[in-house]
Number of protein chains: 2
Amino acid sequence: MSEVFPETKPERIARLLEAEIRSGVLQDGDALSSESALVERFSVSRSSVRKGLAILATKGLIRKRVGLGSFVTFGGSVIDNERGWSLALSDAGVSMGARILKISRLAMDLAPSGLEGEDVLAVDRIRFREETGAAVTLERARVPWRPDFDQILTDGLEAGSLSRTLESRGIVAVSGEEWANVLPALSPEDAAIMGRAAGEPMLRLRRLTRTGDGAPVEYVESLLDPGLFGLHMEF
Amino acid sequence: MSEVFPETKPERIARLLEAEIRSGVLQDGDALSSESALVERFSVSRSSVRKGLAILATKGLIRKRVGLGSFVTFGGSVIDNERGWSLALSDAGVSMGARILKISRLAMDLAPSGLEGEDVLAVDRIRFREETGAAVTLERARVPWRPDFDQILTDGLEAGSLSRTLESRGIVAVSGEEWANVLPALSPEDAAIMGRAAGEPMLRLRRLTRTGDGAPVEYVESLLDPGLFGLHMEF
DNA sequence: AGATTAGACAGGTTCAAACAGGTATGTCAC
DNA sequence: GTGACATACCTGTTTGAACCTGTCTAATCT
C-alpha cells in the first residue's frame, strides 16, 4: 500500500538480499558476498551497499564482523533456545502444566551472574507433570530492570512468555553463555516449592544472554528433573 | 564482550579443542598434536592454529613448551562455587593420575550409540586425585574395529592418548554430537571401580564423533565427578 | 537538501614463508 | 659407556600480501 514512493538504493539492496535469505538461497550461517562484490553486483557505491546491509543487521537477519564479512543469522535470534545446548526431553509423552510462581521487582538475588546489586525483574516459573503434580522444572529468570517493566507487574507476561514480552520492548538477545552442572542435593526450600524430595540430585542449567553490544538481557537459572532432561549439542 | 556468531578460525579451533579437553578425549597431561599437524587437520594456516592455542592457554586449559609441544593442563572445572565464573579454572591445580583399566577388542557393549553389534576397540580409563585415590572420571571409549588396531592391543596407546593413536592412523573427527545428563545413582560396579560411594549422583557425558563423510569415529561415555566437572558454552 | 558516489585510510583476519632457538634422539668416535 | 655432533621436530617471532569491514571526506547528482 504505502510503497508508492520510490525506493532508495539501500532499501532495494536490503529487500533483494532479504528475499534471498527468507527464501533459503542464503542460509543461516552462510557468508554474504563482500561489500565490494555487492558493489559490483548491484552497480552502486559502497555506501549504499553498507546502508543496505545496515538495514538487514538491524532486522537481525545478518551479522557483520570486521575482517570476516557479513553472515546470515536468520533463525539465530528468533527462538532463544536455538543455540547452545539444546534441552532434550527424554520422555516425550508426558503432559505438563506450567505455573508462574511470582513476577516481581527486587534486587538481584541469585549468585554470580554479572548482575549483582542491580534491580531486576524476577519471574519464577515451574512446570509439572499433570498426573503427579510434582514439578519437573523450576526456573528463575532475572532481567535488568527497565522503567517500562512496570506494566508487566500488573498485567503479566505477553502470551505467557518472557522472551516475547522482552522482544516487544525491543530487547533481543544475540549471544550468551550457558553453564550446566549437577546439583548434588535439592535444597529443602526448593524441594518444598517443587513438591519433590529434598536431597535429590538435579540438573542445573544457568544461562546468561546478551544484546549485540554486550549488555546482559536475561539470566536464567533452571533446576531440571534429571530423569526427564538432558543436554544435547552438535558440533 | 565476545560476539561469537561469525566465528574466526582461531575461535573455532579453540572451541573444538576445548570440547575435546572438557569431555576427556584429551586428558590432563596429554600432548596436543603439533601445530603443523593441527594446520593439516583444520586446514588453516599456522597463525590461526597458534591463535587458537593461545586462546586455550589464556583459559588455562593448555600449556606450551618450546621444543616439546602443547600439553593439556586441566583437571576439571569447578563451576559450582559461589565465587564467580572467571575463577572456575583456578582450582585446576589438583594433581591427578590416570590409569588405563583395559584395552581390548569386543562386541559393542554400550547402550544406543549407532555402533550396535559391531566389533570395537574398547579403552576404559579412570582419572583420580593423587591425594585421595578416588576416581573423578571413568571413561569408556569405543572405536569401530579396524585391522590395524591389533598393534594397539599389544603395544598400548601412542603417548597414552587414544586420539593420538587414531590420528596416526588417519582417523580424524570433524563433527559430532554430545549428550549430557545426570546419572542419579552410581552403580555398585562402577562405584567399586572408581572407589566412590554407590548411589552418588554423577554427571554423565556421551559423545559420538564422526569423520567428514559421516562415519563414526569414536563413542565415549564418561562418568564425571559432579563437583569438579561442568559444561560451559558460549553462543 | 538529501541521496549517492568515489576515494583514502585505519584496523581486523588469514595465509605463506622464512628464520631463530629449544628439545629429543640417533650416530659416531673415543 | 660417554661425550660431541648432526638431524629432526617442536615452538616463538617477524614480515608481507591479500582481503575484509569501519570510518571519514569531498564531489556529484536529483
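This is a predicted model, so every value here is computed, not measured.
Here dA18(C) presents its C1' atom at 15 Å from CD of Glu35(B), a figure rounded to the nearest Å. We find that CZ of Arg12(A) is positioned 17 Å from P of dA3(C), with the value rounded to whole Å. The distance from atom CD1 of Ile55(B) to atom C1' of dT14(C) is 14 Å, rounded to the nearest whole Å. Atom CZ in Phe71(B) sits about 11 Å away from atom C1' in dT11(D), given to the nearest Å. When rounded to the nearest whole Å, the span between CD of Glu11(A) and P of dG2(C) equals 16 Å. Distance CG (Leu53(B)) to C1' (dG12(D)): 13 Å, rounded to an integer number of Å. Rounding to whole angstrom units, CZ of residue Arg46(B) and C1' of dC9(D) are separated by 11 Å. If you measure from atom CG of Leu38(B) to atom P of dT14(C), you get 16 Å, rounded to the nearest angstrom.
OP1 or OP2 of dA3(C) has not a single side-chain nitrogen or oxygen of Thr8(A) nearer than 4.0 Å. For the OP1/OP2 pair of dC20(D) and a distance below 4.0 Å, the side-chain nitrogens and oxygens of Ser36(A) include at least one atom meeting the criterion. An OP1 or OP2 oxygen of dC20(D) is reached within less than 4.0 angstrom by no side-chain nitrogen or oxygen of Lys64(A). Contact between the side-chain N/O atoms of Lys51(A) and the OP1/OP2 oxygens of dA3(C) is not found at any separation under 4.0 Å. OP1 or OP2 of dC15(C) sits under 4.0 Å from a side-chain N or O of Ser48(B).
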_Steps toward salt bridge (charged side-chain N to carboxylate O under 4.0 Å, His left out) verdict (Asp124(B), Arg142(B))_ = CA-CA 9 Å; Asp124(B) 290 3; Arg142(B) 301 292 182 266; 2.9 Å; yes
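Candidate nucleotides dC15(C), dT21(D), dC10(D) were compared by shortest atom distance to the side chain of Ser34(B), and dC10(D) ranks first.
Shown here is Arg146(B), whose CZ atom has more than 12 heavy atoms of other residues, nucleotides or ligands within 6.0 Å.
Take the nearest nucleotide of DNA chain D for Arg50(B) and for Ser70(A): the residue whose nucleotide is more 5' is Arg50(B).
Nucleic acid contact class of Ser47(A) (heavy atoms, under 4.0 Å, all strands): base.
Salt bridge present: Glu35(A) and Arg46(A) bring a charged side-chain N and a carboxylate O closer than 4.0 Å. Arg140(A) and Glu221(A) are not joined by a salt bridge, as no carboxylate oxygen comes within less than 4.0 angstrom of a charged side-chain nitrogen.
With Arg63(A) contributing its side chain and Thr73(A) its backbone, the two residues share no donor-acceptor pair below 3.5 Å.
For Arg65(B) against dG12(D), a side-chain-to-base donor-acceptor contact under 3.5 Å is absent.
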